[in-house]
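Below you'll find the structure, written out as structure tokens, and then a few comments.
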Amino acid sequence: MSMSIIQLLPEHIANQIAAGEVIQRPASVVKELMENSIDAGAEFVQLHIKDAGKTLIQVVDDGDGMTPEDAVKCFQRHATSKLKSADDLFRLQTKGFRGEALASIASIAHVSMRTRKGDSETGTHIEVEGNTIKTNEQIVCSKGTIFEVKNLFYNVPARRNFLKSESIEFGHIRDEFERVALAHPDIKFSLHHNGQEIYQLQSGVLRMRVASIFGRNSNERLVPIEEETNIVSIKGFLGKPDAAKKTRGEQFFFVNNRFFKDSYFHHAIVKAFDGMISEKHYPSYCIYLDVDPAKIDVNIHPTKTEIKFEEDRFIYSILLSSVRQALGKHNIFPTLDFEAETTFDIPSSFRKTEPVEPQITVDPSFNPFQTQKSSGGSTGNGFSKALKNEGFGQAMPSPADWEQFYHIEEESTDQAVISNQTIGFQEEQNVGNYMVHDRYVFSPTKSGLLVIDVKRAKWRILYTELIGKFIHQALESQQMLFPIEKELTKTEMDLWLSHEKLLNQLGFQCECQQETLLIHGAPVVLPENSIDTCIDSLLADLQDRDIDQGDVAHHLVRRLTQNASKDAVVRRPEEAQALIETLFQCEDHALAPNGKKIMHTLLLTDIASNF
Ligand code: ADP
Ligand code: MG
């Protein structure tokens, strides 16, 4: 007779094992309890935390509450009111359905619960310790449910010791709170830590909720995004590029009101922002996807935030184009071809509706180079293709623009009169369509004066040109007649030597003699008097630990081209024209490689307001 070696685990041990998966830290308890409150139809959910959850996690809701029987049952494993048949699994609207969270929490903490249903006179008070019910009494309490979780991991010292500092653990709690709050703008929430109010969120429209989570003054830097297709509908908000932050954190994806993380979709957003924010910054976004629940695999594991999408590639491309469109529509680019920006690379069969004319929310007559004649699409005046197709998608300015421009001024005496004196040009020339000043090129438009920053324009042009080359071959090097000598510290020398290959590729040919760098060749694009500062800034970049190693090449080319363009000036209108044409052949012609804008339009109305 052989003995069975398989034994059923005692219930409380099974619960502890389950708890290990579900409850990793105080924030996991917060998530489970808040989600239960929402599933119970709460309109107001209050979260009170003490000592980052190590001492107390309290969730108060005004939801449906539980009957005395359910109040006991809910702590049993696989006790759930949310799943009646296997089919329900595929139609889930609720957050939880495994009936595991409360059993898990009760096995590793001291839990007290007070709950009452709306139609019942009395409520139930339950206290559980180590899965044993210690108290079960009828009490007077308000409708809804109050959970108190104390001494988390009291019986799992390994877990308890594993908890991080208070600020880190509270950070996780705050993250969970924000995710739940962002998914439910129609519900009121509050968060207190050690008695201090962290959040007090009124119910309202989505924009209001996003703005209150993104923080002070964030409302005006939110750009709405919206797209509707057969497969996915997208809504939400983006932070304007100039509000991008150096820290990660304001990046939220939700699908069917559930927070998830997705580096692939994140990439789509980053790509749409490409060139508009510097590489050290992260775009902020809060994006809500709605898809058919049958087309996603919400990993049944409750703590995981990854989700598999059947149509992920399609969603990626929709995200990319709708973010681009949203940024374009709201005139994030100083000047912009609205038609080009709204051309989607989405297969038309996916679209629910026929594409509609984009709603332009800015002055629709705003187009710096639009001439009277060109509105029909034919320019016929021999201007560059670059400008027609790449940049504004319109013809170049013509003398008619000037006439038009000055005509407006005559009509309205309130409008600014731009003259040499008022702007104070030193070397102003007015030939054709540009006025030039060392640092700026000015081009009059119907609505005002387009100003282009020459250095930044040049930087963008050089960067675009060289980054393309750099990937395939070493950049051209200019040989010195006599080597330039530069003293370096030991650390700098080591840095230089450990990146020598990249620096050669960049066009530097150097030799090290103890503390001295002998520069035999330098990149052709770099004026000789900039070599020294360029090397200093390259070394500073190489030392910067924030720079991702995989990205070093980009940083170096950026730095090189920045140094190469920092003395750029334009002295003649013909030069201005060439500069602008080349600029508009660059994909990211609106922003310099550091994310700063290249162009700005001084509106006539703004000019007038100065007089
Ligand atoms: P799940 O959420 O997966 O169903 P839980 O262990 O989180 O499992 O909760 C078990 C059950 O307890 C729920 O299905 C629900 O019926 C009940 N419950 C939990 N929290 C609340 C609450 N705040 N209000 C009302 N009922 C609740
Ligand atoms: Mg639950």
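Read the numbers this way: they start at 1 and go in the same order the structure lists the ligands and their atoms. What you see is a predicted model; the values in this text were computed from it and never measured.
Heavy atoms of Glu32 found under 4.0 angstrom from ligand 1: none, in either backbone or side chain. Both the backbone and the side chain of Leu102 come within 4.0 Å of ligand 1, judged by heavy-atom distances. By the criterion of a heavy-atom distance under 4.0 Å, both the backbone and the side chain of Ala101 are placed next to ligand 1.
Where the criterion is an N or O separation shorter than 3.5 Å, residue side chain and backbone included, Asn36 meets it with respect to ligand 1. The shortest N/O to N/O separation between Asp61 and ligand 1 falls below 3.5 Å.
A cation-pi contact, defined as under 6.0 Å to the ring centre and within 45° of the axis, is absent between Lys235 and Phe237.
No more than 12 heavy atoms of other residues, nucleotides or ligands shown are found within 6.0 angstrom of CD on Glu121. Around the CD atom of Glu43, the shell of radius 6.0 Å holds no more than 12 heavy atoms that belong to other residues, nucleotides or ligands.
For Phe147, there are no ring pair (Phe, Tyr, Trp, His ring centres under 6.0 Å) partners at least two apart in sequence or on another chain. Every residue two or more places apart in sequence or in another chain that forms a ring pair (Phe, Tyr, Trp, His ring centres under 6.0 Å) with His48 is listed here: His192.
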